[in-house]
Amino acid sequence: MNKYIKTLLVFCGLILAILTVWFFQNPESSFAFGPGVQDFSKNLTGGYKLYRNSAHEIFIAPADGWNSEIAIIPSKVIRVNVYDEFIIAERQGLKRRNPNDSLDIYEVPDENVKDFWILDTDKNYALGNLNRTDFKRKLDSLHIPAKIELVDIYKY
């Protein structure tokens with residue numbers, strides 16, 4: 001019986017060693033589950049990044065931090081692209097999960113609200129809450145091709 005326990009312990013140790021080596025060679029393809037596993041950030045233009053901190057907290061902000069003086073595109077960004085110094089994004093609106101409960105401030109997607117944003121990273125300003133017509137007009141006035149394709153954030 002003692003021989004079988006030793007063999008089982010060696011086998012378990014070998015599996016654990018293989019999994020540990022695999023994990024450290026491939027940290028981006030983690031086998032763990034839980035908060036944070038699918039969070040990411042992607043570089044855009046002008047020192048800005050696309051941040052995904054949770055399922056609904058997906059926003060665009062400078063990589064080196066920001067404050068109320070710095071232009072950002074707030075959550076929930078669903079599609080994005082860049083053109084020169086401009087970041088162009090489509091946002092899905094958020095609404096409070098329980099608007100009648102003042103203690104519940106958690107926000108969920110509002111399927112009926114979508115808007116467009118254009119952020120100029122050189123001049124530090126963002127044009128936001130644009131409907132499709134205003135968005136196309138602003139693209140034209142900023143000399144951004146109207147045919148620019150906004151890409152899903154998970155494919156960008």
Side-chain angles (χ1 to χ4, degrees), residues 16 18-156:
L16 184 60
I18 290 171
L19 288 174
T20 303
V21 169
W22 175 79
F23 177 75
F24 285 112
Q25 287 181 345
N26 304 304
E28 68 281 349
S29 59
S30 171
F31 57 87
F33 295 97
V37 173
Q38 295 182 351
D39 295 345
F40 59 81
S41 64
K42 294 181 181 182
N43 291 326
L44 296 173
T45 188
Y48 277 74
K49 282 188 171 188
L50 169 71
Y51 292 96
R52 182 194 188 277
N53 292 342
S54 70
H56 306 308
E57 190 177 333
I58 305 168
F59 60 97
I60 296 170
D64 58 355
W66 65 96
N67 58 34
S68 61
E69 303 293 317
I70 305 290
I72 67 167
I73 300 177
S75 294
K76 175 181 182 179
V77 174
I78 56 174
R79 297 188 318 151
V80 68
N81 209 336
V82 298
Y83 182 79
D84 293 335
E85 73 273 10
F86 296 102
I87 300 172
I88 301 101
E90 181 179 358
R91 237 178 32 117
Q92 182 170 23
L94 297 173
K95 62 181 178 181
R96 289 183 57 181
R97 178 175 48 189
N98 294 316
N100 297 330
D101 183 357
S102 63
L103 297 177
D104 186 2
I105 59 170
Y106 186 75
E107 293 182 318
V108 295
D110 185 349
E111 299 295 330
N112 300 321
V113 178
K114 290 191 178 170
D115 58 14
F116 297 91
W117 287 64
I118 302 171
L119 190 147
D120 186 334
T121 60
D122 284 349
K123 297 180 180 171
N124 187 35
Y125 75 86
L127 303 168
N129 298 329
L130 302 170
N131 61 34
R132 189 169 297 280
T133 305
D134 292 340
F135 174 65
K136 296 289 185 186
R137 195 174 298 132
K138 288 294 182 183
L139 288 178
D140 186 47
S141 70
L142 294 169
H143 306 292
I144 300 171
K147 293 183 180 184
I148 191 163
E149 180 185 351
L150 295 177
V151 181
D152 185 275
I153 61 158
Y154 298 105
K155 294 178 183 174
Y156 185 81

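Across P74 and I72, no two heavy atoms sit closer than the pair CD-O, 3.8 Å. Across P109 and K95, no two heavy atoms sit closer than the pair O-CE, 4.0 Å. Pairing each heavy atom of D39 with each of S54, the nearest pair is OD1-N, 3.8 Å. For the pair A71 and P62, the tightest heavy-atom approach, listed with the atom from each and the gap, is O-CD, 4.4 Å. Residues L139 and P145 share a closest heavy-atom pair of CD1-O, 4.4 Å. When all heavy atoms of A61 and Y51 are compared, the pair lying nearest together is O-CE1, 3.6 Å.
The ring-ring contact (aromatic ring centres under 6.0 Å, His included) check on Y125 picks up nothing, with sequence neighbours excluded.
Listed for the D101 side chain is a donor-acceptor partner under 3.5 Å among the backbone atoms of L103. A donor-acceptor pair under 3.5 Å links the side-chain atoms of D120 to the main chain of D122, judged by distance alone. Panel note: side chain T121, backbone F86; no donor-acceptor pair is recorded below 3.5 Å. Within the 3.5 Å criterion, the main-chain N or O of I58 finds a donor-acceptor partner in the side chain of S75. With hydrogens and angles ignored, the 3.5 Å screen pairs no side-chain donor or acceptor of T45 with any backbone N or O of Y83.
A cation-pi arrangement, defined by a distance under 6.0 Å to the six-membered ring centre and an angle within 45 degrees of its axis, is present between K42 and F40.
Environment of CZ in R96: crowded, with over 12 heavy atoms of neighbouring residues, nucleotides or ligands closer than 6.0 Å.
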Report all side-chain donor-acceptor pairs from residues 146-156 shorter than 3.5 Å, counting only partners two or more places apart or in another chain.
from: D152; atom 1: OD1; to: Y154; atom 2: N; distance (Å): 2.9
from: Y154; atom 1: OH; to: R52; atom 2: NE; distance (Å): 3.0

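Rounding to the nearest 0.5 angstrom, the gap separating the CG atom in L44 from the CG atom in L50 is 5.5 Å. How far CG of L142 is from CD of E85: 9.0 Å, rounded to the nearest 0.5 Å. Atom-to-atom distance recorded for N124:CG and L119:CG is 7.5 Å, nearest 0.5 angstrom. Rounding to the nearest 0.5 Å places CD1 of I73 at 8.5 Å from CD1 of I88. Rounding to the nearest 0.5 Å places CG of D115 at 8.5 Å from CD of E90. Here CG of D134 is found 12.0 Å from CZ of R132. Values are rounded to the nearest 0.5 Å.
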>> For a side chain to side chain contact (heavy atoms under 4.5 Å, CB included) check, start with the C-alpha distance between K138 and L130, then their side-chain angles and the critical distance, and finish with the verdict.
In response: CA-CA 9 Å; K138 288 294 182 183; L130 302 170; 4.2 Å; yes
>> Run F116 and R91 through side chain to side chain contact (heavy atoms under 4.5 Å, CB included) and show every step you take.
In response: CA-CA 6 Å; F116 297 91; R91 237 178 32 117; over 6 Å; no
>> Applying side chain to side chain contact (heavy atoms under 4.5 Å, CB included) to I78 and K114, what does each step give before you reach the verdict?
In response: CA-CA 9 Å; I78 56 174; K114 290 191 178 170; 4.0 Å; yes
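At least one side-chain heavy atom of F59 sits under 4.5 Å from a side-chain heavy atom of N53. Considering only heavy atoms from C-beta on, I60 stays 4.5 Å or farther from W117 through its side chain.
Of the residues listed (D110, L94, V108), the one engaging K76 in a side chain to side chain contact (heavy atoms under 4.5 Å, CB included) is L94, and it is the only one.
Between Y48 and W66, the distance separating the two ring centers is not shorter than 6.0 angstrom.
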